[in-house]
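Written below as structure tokens is the structure these notes are about.
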Protein chains: 2
Amino acid sequence: MSNQQLKDAGLKITLPRLKILNILENADEKHLSAEDVYKLLLNAGEDVGLATVYRVLTQFESAGLVVRHNFEDGHAIFELSSEHHHDHMICVDSNEVIEFVDKEIEALQQKIAEEHGYELIDHNLVLYVRKKKS
Amino acid sequence: MSNQQLKDAGLKITLPRLKILNILENADEKHLSAEDVYKLLLNAGEDVGLATVYRVLTQFESAGLVVRHNFEDGHAIFELSSEHHHDHMICVDSNEVIEFVDKEIEALQQKIAEEHGYELIDHNLVLYVRKKKS
DNA sequence: ATGAATGCAAAAACTTTGCATGACG
DNA sequence: CGTCATGCAAAGTTTTTGCATTCAT
């Protein structure tokens, strides 16, 4: 039950929030724009306003339930935050989103920041790729 | 003279294009939004429309003169394309943009893409950092 | 019952486009 | 001179906000 997740996040348990959380948990594609979530809700016969979707997703982000990414095409996508951080690869042909983790890259980023006299707070890495016709 | 760069790019030499190119070459901050460029033009007493700034920057991008980045805050910034590719570090306090290059990271990205059966087309890496109080 | 959450519509921020006028080669 | 570029204003996108109503506790 998702109730607990909302409570833990300090959010009142409301229908729109539950519905949106359910979409994020159960949709095939885990990387959704606000519009995507909105459409999935409509398709499911749920009556939730787009403004609410934006508001709820933003609250989820503040609560750490969800991560927001700004991919290059200008509009944000949201995904449930998994325990382990990961980066993304986007296929330029199919728009498929692939997740990956690489310890070495993470370490290097840390090193680079330090070498410049900075502390690494966060990062954003997206690889744009194309399937190899082996 | 910037005339040649425009010619080489296959673009007609017009005043707005020259002025914008000059801004990009001579401004202190090398990472400018369309609005920034527009304001700098106004401050310099030049009379160029914002729509033209967008059009020209987009043309420059197509011509390879300029690179467009979508930083996380949703609006695009442009910079003259230097010979050597580089990535960016942004100070979360001052919004300062620092450029850096790291061969190892570039190589790793290539490797990761390949391991997943993809060919690396492009990438986008931004580090969010904070100055160390040594 | 009270304060917070929602829905709608309006606005805001950023970017693109249509069209008449003006500039380049 | 013909064509392409410009400026303005209008429209498009994506996201946010104001406000009256509804909902959760």
Side-chain angles (χ1 to χ4, degrees), chain A residues 1-23 31-42 44-63 65-78 95, chain B residues 1-23 31-42 44-63 65-78 95:
Chain A
M1 210 76 296
S2 319
N3 282 26
Q4 199 53 45
Q5 299 183 57
L6 290 179
K7 260 185 198 155
D8 293 351
L11 293 171
K12 201 179 277 185
I13 294 155
T14 67
L15 257 56
R17 300 218 255 243
L18 281 172
K19 290 171 187 168
I20 292 173
L21 192 47
N22 264 294
I23 294 269
H31 305 84
L32 300 168
S33 69
E35 191 81 29
D36 291 336
V37 173
Y38 178 62
K39 280 183 194 151
L40 286 172
L41 284 168
L42 292 193
E46 307 293 358
D47 189 23
V48 176
L50 179 56
T52 300
V53 173
Y54 274 104
R55 268 186 297 232
V56 169
L57 287 173
T58 303
Q59 291 157 353
F60 284 3
E61 188 195 8
S62 308
L65 274 175
V66 146
V67 181
R68 179 198 303 246
H69 297 279
N70 283 73
F71 289 161
E72 287 285 313
D73 41 3
H75 74 310
I77 67 97
F78 301 82
N95 283 316
Chain B
M1 211 71 302
S2 319
N3 282 27
Q4 199 54 45
Q5 298 184 59
L6 289 178
K7 258 183 199 156
D8 292 352
L11 293 170
K12 201 179 275 185
I13 294 155
T14 67
L15 257 57
R17 300 219 255 242
L18 281 172
K19 289 172 187 168
I20 291 173
L21 193 47
N22 264 293
I23 294 268
H31 306 83
L32 300 169
S33 68
E35 191 81 30
D36 291 337
V37 172
Y38 177 64
K39 280 183 193 150
L40 286 172
L41 284 168
L42 291 193
E46 307 293 358
D47 191 22
V48 176
L50 179 55
T52 301
V53 173
Y54 274 104
R55 268 186 298 234
V56 169
L57 287 173
T58 304
Q59 291 158 352
F60 284 3
E61 188 194 8
S62 308
L65 273 175
V66 146
V67 180
R68 179 198 302 244
H69 296 280
N70 283 72
F71 288 161
E72 289 283 311
D73 41 3
H75 73 309
I77 69 96
F78 301 82
N95 283 316

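Naming: A, B, ... by sequence-line order, numbering from 1 per chain. Keep in mind that the numbers below use all heavy atoms, side chains included, and drop hydrogens, waters and symmetry copies.
Judged as a side-chain contact (heavy atoms from CB on, under 4.5 Å), and not counting sequence neighbours, the contacts of A:Tyr54 are A:Ala34, A:Leu50. Remark: B:Leu15 pairs with B:Lys19 by the side-chain contact (heavy atoms from CB on, under 4.5 Å) rule, at least two apart or across chains. In this structure, B:Thr14 has no side-chain hydrogen bond (donor to acceptor under 3.5 Å, both in side chains) partners at least two apart in sequence or on a different chain. Not a single ring-ring contact (aromatic ring centres under 6.0 Å, His included) links A:His75 to another residue, sequence neighbours left out. Here A:Ala44 pairs with A:Glu46 under the side-chain contact (heavy atoms from CB on, under 4.5 Å) rule; sequence neighbours left out. In this structure A:Glu35 satisfies the salt bridge (Lys or Arg N to Asp or Glu O under 4.0 Å) test with no other residue, sequence neighbours excluded. Take A:Asn95 and apply the side-chain contact (heavy atoms from CB on, under 4.5 Å) test, not counting sequence neighbours, and it matches no residue. In this structure B:Asn70 satisfies the side-chain hydrogen bond (donor to acceptor under 3.5 Å, both in side chains) test with no other residue, sequence neighbours excluded.
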Pick out the pairs of N or O atoms, protein on one side and nucleotides 4-6 of chain C on the other, that lie under 3.5 Å.
unit_1: C:dA4; atom_1: O4'; unit_2: A:Lys12; atom_2: NZ; d: 3.3
unit_1: C:dA5; atom_1: OP1; unit_2: A:Arg17; atom_2: NH2; d: 2.8
unit_1: C:dT6; atom_1: OP1; unit_2: A:Thr14; atom_2: OG1; d: 2.8

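Residue B:Tyr54 has no polar side-chain atom (N or O) positioned under 4.0 Å from OP1 or OP2 of C:dT16.
The rotation axes computed at either terminus of the helix from C:dA1-D:dT25 to C:dG25-D:dC1 lie 30° apart, taking five pairs at each end and rounding to 10 degrees.
With a heavy-atom cut-off of 4.0 Å to chain A, the contacted part of DNA chain D has its first and last nucleotide at D:dT14 to D:dT25.
Residue pairs that meet the salt bridge (Lys or Arg N to Asp or Glu O under 4.0 Å) test with at least one member in residues 8-18 of chain A, sequence neighbours left out, do not exist here.
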